[in-house]
Amino acid sequence: MSIQIPRGTQDILPGEVEKWQFIEKKAKDICRRYLYKEIRTPIFEHTELFQRSVGDTTDIVQKEMYTFEDRGGRSLTLRPEGTAAVVRSYAENKMYGQAVQPVKLYYFGPMFRYERPQAGRFRQFVQFGVEAIGSDDPAIDAEVISLAMELYREVGLKKLRLVINSLGDSSSRKAHRDALVAHFQPRIGEFCSDCQQRLETNPLRILDCKRDRDHELMKSAPSILDYLNEESRHYFETVKKHLSDMNIEFVVDSTLVRGLDYYNHTAFEIMSEAEGFGAITTLCGGGRYNGLVQDVGGPDQPGIGFALSIERLLSALDAEGVALPHETTVDCYIIALGDSAMEYTVPLLQELRRAGLSAEKDYMGRKMKAQFKAAERVNAKYVLIIGEEELEKGTAVIKNLQTGEQENVSLDNIVEILNRG
Ligand code: HAM
């Protein structure tokens, strides 16, 4: 039996991979403009890192992690998300002591969650994320949100909905938590066993239960916005003002709680409103996580960030019918006739490629006609035809495949001729 790809993963083949490269380039260019620097952290971390940061009671930690014991008996986990590792690295490398503050970082890379695969949901997916650590200025919240919106705008997405909420500071959250317990407790028997446990451990998590989503108590649950203290309310108002000043439209949804425990104050998601996008519409999620640096052993430094998956971004582009530009032309395809011409093309190719041109030759022992076909197939701009006779004279025939024009040229200045385009 042949071996197949694991469920929930995908091969990204040539033809498709160019789209990924395009998005990666775009995201990196935006990060350059916003002064976010790339960070690369390991694919696996100590399991405890995610338990402490993402939270013991979250679905991610309880049900979705790829956790294993290594040969030394340590519990390791394939990272389900990027924030925990970035914050760990920030604390471990004492980035809070750097001269440039806040520390603004971005990352690209595979994340792993044991979820039920469906459209837009994979077990291995690639996140692009940013984290700004060290500032609790509401303007940085707005900057982080605007960076995500800018990426979507620049790749051509239009049908987007930015949803924001505030989860408040710890005292607001405590007041809200008490209200949630009072709300759900009398009828908790009608909820799933997970929710019954959540009431004890983390009642906020009841609000993002997938099974009990439609229970009437969900709709009438106390809203965090009614429990924000003055400081938290003011913070949220300022973030909203900054967004409005940048003409970034948003809606406030007080039921947006996010599925990770480290959030407080600003929480946001960006959804696709494209028709036919499928059931999972969240493209991007993020928020503020003051206290997280301390939770992983660093000093008390505030932070905010987001992550989005490239898989969902590409689905949204498909749903909106946006095609990404991608260049696949080859500058020159060399057609050699005869053994000595064939030999000659080997160093010639090297020379062309060193000069920055994309160049190719036949490696399949094809006849001339088939070599022309091969040149067309790779979308060559020019073919360079070198036979025994040309070789003796130090010339070649160059043919423009788009116009059909051809001429005799000297092989001495071939790079120059091809560069003229
Ligand atoms: P998250 O909401 O768990 O947040 O994931 C962020 C994004 O990753 C989602 O909006 C979605 O685009 C993508 N994503 C998540 N799971 C999958 C999946 N199974 N298949 C495909 N795409 C998926 C975080 O990960 C936080 N670390 C975000 C953050 C950064 N908050 C602050 N800083």
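Please read all numbers here as calculations on a predicted model, not as lab measurements. In each ligand, atom 1 is the first atom listed, and ligand 1 is the first ligand listed.
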Between [X] and [Y], how do the two ring planes meet: parallel, tilted or perpendicular, split at 30° and 60°?
X: Phe268; Y: Phe306; value: perpendicular
X: His265; Y: Tyr235; value: tilted
X: Tyr106; Y: Phe108; value: perpendicular

Check whether any heavy atom of [X] sits under 4.0 Å from an atom of ligand 1.
X: Gly259; value: no
X: Glu131; value: yes
X: Gly129; value: no

Do the non-hydrogen side-chain atoms of Val126 and Trp20 ever get within less than 4.5 Å of each other?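 Touching, per the 4.5 Å side-chain cut-off.
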Any side-chain heavy-atom pair of Ile206 and Leu217 under 4.5 Å: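 Side chain of Ile206 against side chain of Leu217, heavy atoms only: no contact under 4.5 Å found.
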Look at atom 16 (N) of ligand 1 and find which of Phe125, Tyr114, Phe112 reaches it with the closest heavy atom.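 Of the listed residues, Phe125 has the closest heavy atom.
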On a heavy-atom basis, I'd like to know which of Met111, Arg258, Glu81 is closest to atom 1 (P) of ligand 1.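 It is Arg258 whose heavy atom sits nearest to atom 1 (P) of ligand 1.
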Side-chain donor-acceptor pair present, [X], [Y], cut-off under 3.5 Å:
X: Tyr66; Y: Gln124; result: no
X: Ser315; Y: Asp318; result: no
X: Asp136; Y: Asn290; result: no
X: Thr57; Y: Thr201; result: no

Looking at [atom], what's its closest protein heavy atom, distance included?
atom: atom 22 (N) of ligand 1; result: Ser309 OG, 3.0 Å
atom: atom 12 (O) of ligand 1; result: Leu283 O, 2.8 Å
atom: atom 30 (C) of ligand 1; result: Thr83 OG1, 2.9 Å
atom: atom 11 (C) of ligand 1; result: Arg312 NH1, 3.4 Å
atom: atom 8 (O) of ligand 1; result: Gln127 NE2, 3.1 Å
atom: atom 7 (C) of ligand 1; result: Ala307 O, 3.4 Å
atom: atom 32 (C) of ligand 1; result: Gly305 O, 3.2 Å
atom: atom 21 (C) of ligand 1; result: Gly120 O, 3.3 Å

Close N or O approach (Ile60, ligand 1; < 3.5 Å):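 Between Ile60 and ligand 1, no N or O pair is found under 3.5 Å apart.
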Of all the atoms in ligand 1, which lie at a distance below 4.0 Å from a heavy atom belonging to [X]?
X: Cys284; result: 10 (O)
X: Gly285; result: 10 (O), 28 (C), 29 (C)
X: Tyr263; result: 26 (C), 28 (C), 29 (C), 31 (N), 32 (C)
X: Gly286; result: 31 (N)

Does only the side chain of [X] get under 4.0 Å from ligand 1, or the backbone, or both, or neither? Count heavy atoms.
X: Tyr262; value: side chain
X: Leu260; value: side chain
X: Glu115; value: side chain
X: Phe306; value: backbone

Closer than 4.0 angstrom, basic N to acidic O: yes or no for Lys159 and Glu320?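 Judged by the 4.0 Å cut-off on N to carboxylate O distance, Lys159 and Glu320 do not form a salt bridge.
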Would Glu237 and Lys241 pass as an ion pair if we require N to O under 4.0 Å?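 Judged by the 4.0 Å cut-off on N to carboxylate O distance, Glu237 and Lys241 do not form a salt bridge.
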Let me confirm one number: the CE-CG distance from Met65 to Leu76, rounded to the nearest 0.5 Å.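 It is 11.0 Å, given to the nearest 0.5 Å.
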For residues 91-98, tabulate all N or O donor-acceptor pairs below 3.5 Å that involve a side-chain atom, not counting sequence neighbours.
{"from": "Glu92", "atom 1": "OE1", "to": "Arg88", "atom 2": "NH1", "distance (Å)": "2.9"}
{"from": "Asn93", "atom 1": "ND2", "to": "Ser89", "atom 2": "O", "distance (Å)": "3.0"}
{"from": "Asn93", "atom 1": "ND2", "to": "Ser89", "atom 2": "OG", "distance (Å)": "3.0"}

